[in-house]
Protein chains: 2
Amino acid sequence: MDLAASVGSRLKELREARGVSLSALARRSGVGKATLSELESGRRNPTLETLYALTTALDVPLSSVLYDPAHPATISGDAVDAVLLERFEADTSVTETYRIRIRSGATQESAAHAPGTTEHIVVLAGTAHVGDVNDPALIGPGAHGSWAADTPHVYRAPAGDVEALLVVRCPK
Amino acid sequence: MDLAASVGSRLKELREARGVSLSALARRSGVGKATLSELESGRRNPTLETLYALTTALDVPLSSVLYDPAHPATISGDAVDAVLLERFEADTSVTETYRIRIRSGATQESAAHAPGTTEHIVVLAGTAHVGDVNDPALIGPGAHGSWAADTPHVYRAPAGDVEALLVVRCPK
DNA sequence: GACAGGCGTTCCGTATACGGAACGTTCCGT
DNA sequence: ACGGAACGTTCCGTATACGGAACGCCTGTC
């Protein structure tokens, strides 16, 4: 996937999640409507200045629109849709926060990640069956679970779609 | 400090730390020498494509050249800056996810929220002292905590800034 | 139905980020 | 001392990212 296109769609996600129109964001950020329109559709290669104006208007750190193809943390699969909300890089670890949906009745297994990787989930709606492949936990709305992700683990929605936040933390 | 200038000097730092010459990096990354020279001195406003070519040639994630100068605080109190990442409305509850920073040495007390409100925290960096005002928990990097937020609770960063995700769930 | 206001897209002139080709400088090997 | 190579900077023509001004499309109001 093209870099500009992925940044564009990420910007669009953030804008729409806040219920802001393209015109309104352009006005607030001082960026031209033409620029923003073509940027969101991936037809432009934005400058740093433009990106900064937009991310500050959206109140997110600049880094949160930068998908990094070097670390393809694509969790999305048959059963899980994931949208990256934020990425935080510390001295010794990288933490990514995703908004995920597990489709009703579906199960997704994930292979072991890098050693030392851990995951957290906070379930927003529905009941999920997640965690170690041999001992997944049942987690209901408002509850939290965590597990080591350096062994195979599973995401399952036994009854009804599950909406959740997933936090993946892996050492560098 | 100007954004382009700070990114430029950060690039220069990374390049020199590797003992790579400006010409060599330009050659390896496919970026013009003129571009790189003026970029490092802060006289240019680079495009996303240029930045990406340079950071991959340096083998660092794109985000590592982006200082985040004074991230704007929206819901901030004395000790806590918070940025809303996402808001999810279910049948019986509303859940909001914030990216927060607790300033080093500072303490913030929060009054009781609506009955039934709960909060979760996942600490990204630093160590936080958070939870019920009478019994706060000590939470380190990568760890999770949760507490009932319908009683007074506290956020504290005893040593060094704390970066964290805060999830607030309140019934309708 | 006519109109006004907001939306996202497209067109267009201008500003500027881009790479290539010069340049002067420094550091070598002979 | 001299040549050659590599360095970082500056100049320049071209490509393109930019904002402003149109445009067509909806939705609401009188």
Side-chain angles (χ1 to χ4, degrees), chain A residues 1-69 83, chain B residues 1-69 87:
Chain A
M1 185 174 186
D2 181 48
L3 177 64
S6 82
V7 169
S9 57
R10 175 84 186 110
L11 270 173
K12 187 167 187 172
E13 275 172 26
L14 284 168
R15 175 175 67 77
E16 292 181 341
R18 286 163 173 67
V20 177
S21 73
L22 186 150
S23 302
L25 178 57
R27 217 176 306 123
R28 261 183 20 207
S29 62
V31 164
K33 289 206 294 179
T35 301
L36 184 50
S37 172
E38 299 198 341
L39 207 165
E40 284 192 352
S41 64
R43 271 172 294 147
R44 245 188 235 193
N45 166 29
T47 63
L48 185 60
E49 207 172 21
T50 302
L51 276 185
Y52 184 72
L54 290 170
T55 53
T56 52
L58 287 167
D59 254 334
V60 296
L62 226 171
S63 54
S64 74
V65 297
L66 301 174
Y67 156 86
D68 194 349
V83 174
Chain B
M1 186 176 190
D2 180 48
L3 178 63
S6 83
V7 168
S9 57
R10 176 87 182 113
L11 270 174
K12 189 168 186 171
E13 273 173 32
L14 285 168
R15 175 174 67 76
E16 293 183 339
R18 275 145 229 264
V20 177
S21 75
L22 187 150
S23 302
L25 179 57
R27 218 177 308 125
R28 258 179 28 206
S29 62
V31 165
K33 289 207 292 180
T35 302
L36 184 50
S37 172
E38 298 198 341
L39 208 167
E40 284 193 352
S41 65
R43 271 172 293 148
R44 245 187 235 192
N45 165 28
T47 63
L48 185 59
E49 209 173 18
T50 302
L51 275 185
Y52 183 72
L54 290 171
T55 53
T56 53
L58 287 167
D59 202 22
V60 296
L62 227 173
S63 53
S64 73
V65 297
L66 302 173
Y67 281 129
D68 207 356
R87 181 187 160 88

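Side-chain atoms are counted along with the backbone in the values below, which use heavy atoms only and exclude waters and symmetry mates. Reminder, nothing fancy here: chain letters follow the sequence lines and each chain counts from 1.
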Original post:
Hey, does the side chain of Thr35(B) come within less than 4.0 Å of dG19(C)'s phosphate (OP1/OP2), counting only N and O?
Top reply: yes
In whole angstroms, the gap separating C1' of dT10(D) from CG of Leu36(B) amounts to 15 Å
Between CZ of Arg15(B) and C1' of dG8(D) the distance, given in whole Å, is 9 Å
Of the listed dC18(C), dC7(D), dT10(C), the closest approach to the Ser21(B) side chain comes from dC7(D)
Donor-acceptor pair, distance only, cut-off 3.5 Å: does the side chain of Thr55(A) make one with the backbone of Leu51(A)?
yes
In whole angstroms, the gap separating C1' of dC7(D) from CZ of Arg28(B) amounts to 16 Å
Using a 4.0 Å heavy-atom cut-off across all strands, classify Ser41(B) as base, sugar-phosphate, or nothing.
-> nothing
Give a yes/no answer on whether the side chain of Thr47(A) brings an N or O atom under 4.0 Å of OP1 or OP2 in dA17(D). no
Glu38(B) CD to dG8(D) C1', in whole Å, measures 12 Å
note: Arg27(B), atom CZ; dG19(C), atom C1'; distance rounded to Å ~ 15 Å
Open item on the list: It should be established whether Arg43(B) places a side-chain nitrogen or oxygen under 4.0 Å from OP1 or OP2 of nucleotide dA17(C).
Closed with: no
Applying the 3.5 Å cut-off to both distances, the Watson-Crick or G-U partner of dT30(C) turns out to be dA1(D)
Here the pair of heavy atoms bringing Leu48(B) nearest to Ala4(A) is CD2-CA, 4.4 Å
Rounded to whole Å, CG of Asn45(A) lies from C1' of dT16(C) at a distance of 13 Å
Of dG19(C), dC7(D), dC18(D), the nucleotide closest to the side chain of Val31(B) is dG19(C)
Of the listed dT10(D), dC11(C), dC7(D), the closest approach to the Ala34(B) side chain comes from dT10(D)
In whole angstroms, the gap separating P of dA5(D) from CG of Leu22(B) amounts to 20 Å
Margin query: Would the distance check show the side chain of Ser9(B) and the main-chain N or O of Ala5(B) forming a donor-acceptor pair, the cut-off being under 3.5 Å?
Written below: yes
Discussion item. Can a donor-acceptor pair be found, under 3.5 Å and without considering hydrogens, that links the side chain of Thr50(B) to the backbone of Pro46(B)?
Written reply: no
To the nearest angstrom, the NZ-P distance between Lys33(B) and dA6(D) comes to 10 Å
Any side-chain N or O of Arg44(B) below 4.0 angstrom from OP1/OP2 of dT16(C)? no
task = Determine: side-chain N/O of Ser37(B) to OP1/OP2 of dT9(D), distance under 4.0 Å, yes or no.
result = yes
Review point. Does Glu38(A) offer a backbone N or O that forms a donor-acceptor pair with the side chain of Arg43(A) under 3.5 Å?
Key: no
